[in-house]
Structure formats: structure tokens, C-alpha cells
Amino acid sequence: MQKSEGSGGTQLKNRATGNYDQRTSSSTQIKHRNAVQGSKSSLSTSSPESARKLHPRPSDKLNPKTINPFGEQSRAPSAFAAIYSKGGIPCRLVHGSVKHRLQWECPPESLSFDPLLITLAEGLRETKHPYTFVSKEGFRELLLVKGAPEKAIPLLPRLIPVLKAALVHSDDEVFERGLNALVQLSVVVGPCLNDHLKHLLTSGSLSIIKSKIPTYCSICC
């Protein structure tokens with residue numbers, strides 16, 4: 001009887017030990033499975049963009065991001081940009097090795113100044129290439145053609161507000177293009193511009209003009 005009881009006790013101990021080992025093994029397996037799943041989850045949730053930020057590729061410098069034209073940050077093109085993209089400006093930009101130039105589709109002297117000269121003046125407020133160059137150079141070259149005074153003088157009432165908008169612009173380069181255009185226009189139309197200066201050089205705009213480039217403005221005035 002004692003022997004059998006001892007044998008039964010041993011069996012109970014072995015059974016208890018087996019259950020403990022099974023529980024320990026199961027707990028270890030669960031911990032290992034959770035760790036693997038957590039690692040997979042972190043890998044799946046990490047985007048290629050974040051990985052690229054941590055380890056940038058050399059080609060990223062050669063291929064910078066471009067603005068998504070369908071994104072919220074995109075804006076509608078300006079009036080001048082829309083006209084230029086539709087071929088409404090009868091000239092195009094020619095890139096040179098040293099400097100750029102304009103190539104006209106037809107001789108500029110054969111073109112009507114209305115509304116081309118006004119459109120080019122509106123383009124002076126552009127801040128992006130090639131609109132900045134096309135508007136500035138186009139305005140200058142158009143005023144150099146034969147018969148420019150006769151064509152430009154009737155447009156002065158419509159040109160002055162456009163040039164004023166460039167002169168009070170917050171961008172210094174836009175302001176400088178507007179001031180140069182005003183000087184070029186003054187050379188062409190002469191005293192005919194005097195009657196319009198009171199609308200152009202108001203007290204507010206004059207203070208802004210003088211604060212930009214005082215010396216150059218004094219020479220222009």
C-alpha cells in the first residue's frame with residue numbers, strides 16, 4: 001500500500017511538472033509570436049517615403065519633387081500665363097548659351113499695340129520664368145519699332161494703371177521691371193506722359209517707389 005501510494009504521488013508530481021512545462025512553452029511561443037507580428041506590423045506601416053528620408057538615395061538630388069498640378073497647393077495661372085500658353089503672345093523665348101532672346105513670329109512693327117502692349121505690361125508682375133523675361137523684353141522691343149509713339153500714346157490711359165500695379169508690388173524685381181518699363185515708355189511718348197503722372201505717382205505709390213531704390217528712382221523722375 002505504501003509503495004502504491006508513493007507511486008501515485010510520483011505520477012501526480014510528474015503530471016504537475018508536465019503541465020508547468022507546457023504552460024511555460026506556450027507562454028514562450030505566444031511572446032515570440034507577438035514579437036514577430038509586431039515587427040511585421042512596423043515594417044508594413046513604415047512607408048517608402050519615411051525609409052527614403054532615413055536613407056536618401058543619390059538620385060533624389062537629381063530628381064527633386066515637382067508640384068502636383070492636381071494638389072490643393074496649385075493655383076490657377078495668371079491672365080498673362082494663360083494667354084502665353086495659348087499662343088496669344090506672338091513671340092517665343094530662345095535660350096542662348098550666354099543670354100536669352102525673343103523670336104517674333106512676324107515683324108514687331110506690323111503688330112497692333114492694342115492689346116499686345118497692355119498684355120506685356122501686365123506680364124511685368126509675373127515672378128516665374130519664362131513669363132518674366134518675355135514680358136520685360138517684349139515690352140521693350142515693341143516700343144522700339146517704327147511708329148511706336150503713334151501706337152502707344154492712345155493706350156496711355158490703360159497702361160498707367162497696369163504700370164502702377166507693378167510699381168507698388170511687394171517683389172523688388174517686379175518693381176524694377178515696372179520702373180524700367182515706365183522709363184522706356186517715357187522716352188517713346190515724351191511729354192504726353194505728363195498728364196498721366198498724377199495718377200501714377202500718388203503720395204502712397206511715390207513713397208513706396210522711393211523706399212525701393214531711392215537713387216535710381218530720383219534719376220528716373
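This is a predicted model, so every value here is computed, not measured. Atom set for the values below is all heavy atoms of this structure, side chains included, hydrogens, waters and symmetry mates excluded.
Rounding to the nearest 0.5 angstrom, the gap separating the NZ atom in Lys164 from the NE2 atom in His196 is 14.0 Å. Taken to the nearest 0.5 Å, the CG atom of Leu193 stands 9.0 Å off from the CG atom of Leu163. Here the CG atom belonging to Leu116 is positioned 10.5 Å from the CZ atom belonging to Phe139, to the nearest 0.5 angstrom. To the nearest 0.5 Å, atom OG of residue Ser170 and atom CZ of residue Arg125 are 12.0 Å apart.
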N/O donor to acceptor pairs below 3.5 angstrom from side-chain atoms of residues 83-92, sequence neighbours left out:
{"residue": "Ser85", "atom": "OG", "partner": "Ala81", "partner atom": "O", "Å": "3.1"}
{"residue": "Ser85", "atom": "OG", "partner": "Ala82", "partner atom": "O", "Å": "2.8"}
{"residue": "Arg92", "atom": "NH2", "partner": "Gln103", "partner atom": "OE1", "Å": "3.4"}

Which side-chain N or O atoms in residues 145-157 pair as donor and acceptor under 3.5 Å with protein atoms at least two apart or in another chain?
{"residue": "Lys151", "atom": "NZ", "partner": "Glu109", "partner atom": "O", "Å": "2.9"}
{"residue": "Lys151", "atom": "NZ", "partner": "Leu111", "partner atom": "O", "Å": "3.2"}

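Contact check for Val183 versus Ser186: no side-chain heavy atoms found under the 4.5 Å cut-off. Within the 4.5 Å cutoff, no side-chain heavy atoms of Glu122 are placed close to those of Leu120. When side chains are defined from C-beta on, Leu102 does not count as touching Val94, because their heavy atoms never get closer than 4.5 Å.
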- [ ] Report the C-alpha distance between Phe80 and Val134 in whole Å, list the side-chain angles of each, state the deciding distance to 0.1 Å, and finish with yes or no for side chain to side chain contact (heavy atoms under 4.5 Å, CB included).
- [x] CA-CA 10 Å; Phe80 181 84; Val134 172; 4.2 Å; yes
Open item on the list: Let's go through His129 and His100 carefully: what are the C-alpha distance in whole Å and the side-chain angles of both, what is the deciding distance for side chain to side chain contact (heavy atoms under 4.5 Å, CB included) to 0.1 Å, and is it a yes or a no?
Closed with: CA-CA 12 Å; His129 186 76; His100 306 321; 4.0 Å; yes
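Across all their heavy atoms, Leu93 and Pro130 have their closest contact at CD2-CB, 3.5 Å. The two residues Gly178 and Ala166 make their nearest non-hydrogen contact at CA-CB, 3.9 Å.
Residue Val174 is not grouped with residue Val168 when hydrophobic side chains (ILVMFWY) are merged at heavy-atom distances under 4.5 angstrom, including chains of intermediate members. In the hydrophobic clustering of this structure, Leu197 groups with Phe175; members are Ile, Leu, Val, Met, Phe, Trp, Tyr whose side-chain heavy atoms approach within less than 4.5 Å, directly or through other members.
Screening Leu143, Leu142, Leu144 against Arg140 for a side-chain contact (heavy atoms from CB on, under 4.5 Å) leaves a single residue, Leu144.
Qualifying side-chain hydrogen bond (donor to acceptor under 3.5 Å, both in side chains) partners for Asp114, counting only residues two or more places apart in sequence or in other chains: Arg158.
At distances below 3.5 Å, at least one donor-acceptor pair connects side-chain atoms of Arg177 with backbone N or O atoms of Leu124.
Inspection of the Ser78 and Glu126 side chains reveals an N or O donor paired with an N or O acceptor under 3.5 Å.
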